[in-house]
Asks: 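One structure, as structure tokens, below. Some questions next.
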Amino acid sequence: MTTGPSFSCVLDARAKLGECPLWSARERALYWVDIKGRTLNRFDPADGTNRAVAMDEDIACLALHKDGGFVAGMRSGLWRLDAAGAPLGLLAANPEDTATSRFNDGRADPAGRFLAGTLDEPKAGGKAHLYRFDRRGLATLAGGLLTSNGLAFSPDGRTLYHADTPTFTVYRYRYDPATGELSDREVFVRLQPTDGDRGRPDGAAVDEDGCYWTALYEGGRVQRYAPTGALLSEHPVPARCPTMVAFGGADRRTLYLTTASAGRPAEELERFPQSGGVFALPVAVPGLPEPLFDPAA
Ligand SMILES: O=C1O[C@H](CS(=O)(=O)O)[C@@H](O)[C@H](O)[C@H]1O
């Protein structure tokens, strides 16, 4: 395993809980959210500007919609948003108790379905689930979770990666692109926490070599794993809580990263003053292109 170069800050956003970076190839812009700050953001790397749109509730994940705008995972459910982030309608209500549950990590599958999971905020009893939304409606794919996270697909779309963050585990499933069904769950990566390193797998993305990049929340780094599960490299982040990676740039060779600052100790924020920012790392292998949500899928 090699230690690669560190990420550098491209937007000192001071987000509370930055999440879900999402590259728009058409606009050459990076969308991202601040879950607890309740904003949908558009970062333009060409001039370094960021535009934030206030949302009425926690917004956690996004997919670009093939007809423009977004599908978003929020606390109350999955919503259709227009290109400016205004809600157009509720697609599927959160089936869980929204007093202690919200949607968390999500992304479109290669066929255009939207997969999104929830977060059991009390971390009490594995009440979070992974769901699939498509023209058939909302279906439950997995349950017994604490924080559904780390969704990403292999280049052929036949493997789904999925993390349950507080358990330090990333699973791998066989995925049927024709039906959106899962099978054959196995452990892909299980981190061994130590007193000095509580880093745990958060948001992720896969590159064209099929390697899985994962942000280690409270680990201050991003790791790259081979399809075999072998750790290939890790890259330091000048923030203790990286939350999710996404490939962007015209060649998809820029790895963007969101981070969190909410609830962090004052001494940590003094040491890492750009916590909550958006970071970037040039990489050699391009990332996979991000599919669009297709309501006909
Ligand atoms: O993606 C997320 O994960 C973190 C980590 S954990 O669930 O607490 O282990 C969580 O705090 C954050 O709210 C969530 O968005």
Side-chain angles (χ1 to χ4, degrees), residues 13 15-22 31-41 55 57-63 72-76 78 94 96 98-107 115-131 142-152 161-171 189-195 197-205 212-223 237 239-246 256-265 268-269 272 275-279:
K16 293 179 179 177
L17 182 51
E19 270 279 10
C20 198
L22 174 64
Y31 287 97
W32 62 278
V33 300
D34 182 348
I35 298 177
K36 291 182 176 175
R38 297 185 174 182
T39 58
L40 167 59
N41 295 265
M55 309 302 290
E57 59 176 284
D58 298 350
I59 177 170
C61 60
L62 296 170
M74 305 178 77
R75 179 171 291 274
S76 62
L78 303 182
N94 179 351
E96 301 163 18
T98 56
T100 56
S101 163
R102 62 167 166 79
F103 275 94
N104 196 52
D105 178 79
R107 73 179 334 129
L115 269 62
T118 54
L119 177 144
D120 174 2
E121 288 174 316
K123 303 283 192 292
K127 294 178 181 174
H129 296 77
L130 173 62
Y131 299 99
L145 304 168
L146 293 172
T147 300
S148 181
N149 229 326
L151 286 172
Y161 297 99
H162 180 228
D164 189 5
T165 306
T167 67
F168 298 87
T169 305
V170 181
Y171 296 100
V189 168
R190 178 165 281 145
L191 299 178
Q192 301 303 323
T194 64
D195 291 343
D197 178 9
R198 302 291 297 169
R200 47 192 186 275
D202 204 317
Y212 183 85
W213 294 75
T214 176
L216 297 192
Y217 191 90
E218 285 196 327
R221 67 195 191 284
V222 168
Q223 292 186 328
V237 179
R240 189 136 170 77
C241 294
T243 55
M244 185 166 172
V245 288
Y256 288 103
L257 173 69
T258 47
T259 62
S261 67
R264 306 309 304 170
E268 177 185 305
L269 297 178
F272 301 117
S275 297
V278 177
F279 294 77

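Atoms within a ligand are numbered from 1 in the order they appear, just like the ligands themselves. All of these numbers come straight from a predicted model, not from anything done at the bench.
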Asks: Is D105 touching ligand 1 with its side chain, its backbone, both, or neither, if touching means heavy atoms under 4.0 Å apart?
Replies: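 It is neither; nothing of D105 touches ligand 1.
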Asks: Between D58 and K16, does any NZ, NE, NH1 or NH2 come within less than 4.0 Å of an OD or OE carboxylate oxygen?
Replies: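 Judged by the 4.0 Å cut-off on N to carboxylate O distance, K16 and D58 do not form a salt bridge.
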Asks: Check this for me, if you would: do R264 and E218 make a salt bridge, where the nitrogen-to-carboxylate-oxygen distance has to be below 4.0 angstrom?
Replies: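 The answer is yes: the pair qualifies as a salt bridge.
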Asks: I'd like to know if the side chain of Y212 reaches the main chain of G150, judged simply by a donor and an acceptor atom lying under 3.5 Å from each other, with no hydrogens or angles considered.
Replies: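 At least one qualifying donor-acceptor pair exists.
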Asks: What is the closest protein heavy atom to atom 10 (C) of ligand 1, and at what distance does it sit?
Replies: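 So the nearest neighbour among protein heavy atoms is L119 CD1, 4.2 Å.
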Asks: Would D202 count as being in polar contact with ligand 1, using the rule that some N or O on each side must be under 3.5 angstrom apart?
Replies: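 Checking ligand 1 against D202, an N or O pair does fall under 3.5 Å apart.
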Asks: Below 4.0 Å from any atom of ligand 1, is there a heavy atom belonging to E121?
Replies: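 Checking ligand 1 against E121, which is what was asked, there is no heavy-atom contact under 4.0 Å.
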Asks: Give a yes/no verdict on whether any heavy atom in T243 is under 4.0 Å from an atom of ligand 1.
Replies: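 T243 does not count as a contact of ligand 1 under the 4.0 Å cut-off.
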Asks: Considering only heavy atoms from C-beta outward, does the side chain of L40 approach that of L62 to under 4.5 Å?
Replies: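 The answer is yes; the side chains approach within 4.5 Å.
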Asks: Quick test: of every protein heavy atom, which one is nearest to atom 7 (O) of ligand 1, and how far off is it to 0.1 Å?
Replies: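 In this structure, atom 7 (O) of ligand 1 has T147 OG1, 2.7 Å as its nearest protein heavy atom.
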Asks: Output the distance between atom CZ (R198) and atom CG (L191), rounded to the nearest 0.5 Å.
Replies: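 R198 CZ to L191 CG: 11.0 Å, rounded to 0.5 Å.
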Asks: Report, in ascending order of atom number, the atoms of ligand 1 lying under 4.0 Å from any heavy atom of N149.
Replies: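 Listed by number with element, the hits are 1 (O), 2 (C), 3 (O).
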Asks: Below 4.0 Å from any atom of ligand 1, is there a heavy atom belonging to N104?
Replies: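 Right, N104 reaches ligand 1.
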Asks: Among E19, R102, K36, which one has a heavy atom closest to atom 13 (O) of ligand 1?
Replies: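 Closest candidate by heavy-atom distance is R102.
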Asks: Could you check whether R240 pairs with E268 (Lys NZ or Arg NE/NH1/NH2 to Asp/Glu carboxylate O, under 4.0 Å)?
Replies: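 A salt bridge is present here (some side-chain N lies under 4.0 Å from a carboxylate O).
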Asks: Show the atoms of ligand 1 that are less than 4.0 angstrom away from any heavy atom in R200.
Replies: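 Those atoms are 6 (S), 8 (O), 9 (O).
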Asks: Output the list of atoms in ligand 1 that are nearer than 4.0 Å to some heavy atom of I35, sorted by atom number.
Replies: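 Checking each atom against I35, I get 15 (O).
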Asks: Just to verify, which of N149, D120, T118 counts as forming a side-chain contact (heavy atoms from CB on, under 4.5 Å) with N104?
Replies: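 Among N149, D120, T118, the one meeting side-chain contact (heavy atoms from CB on, under 4.5 Å) with N104 is N149.
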Asks: Mark yes or no for whether E57, through its side chain, and R75, through its backbone, hold a donor-acceptor pair below 3.5 Å.
Replies: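 Such a contact is found between E57 side chain and R75 backbone.
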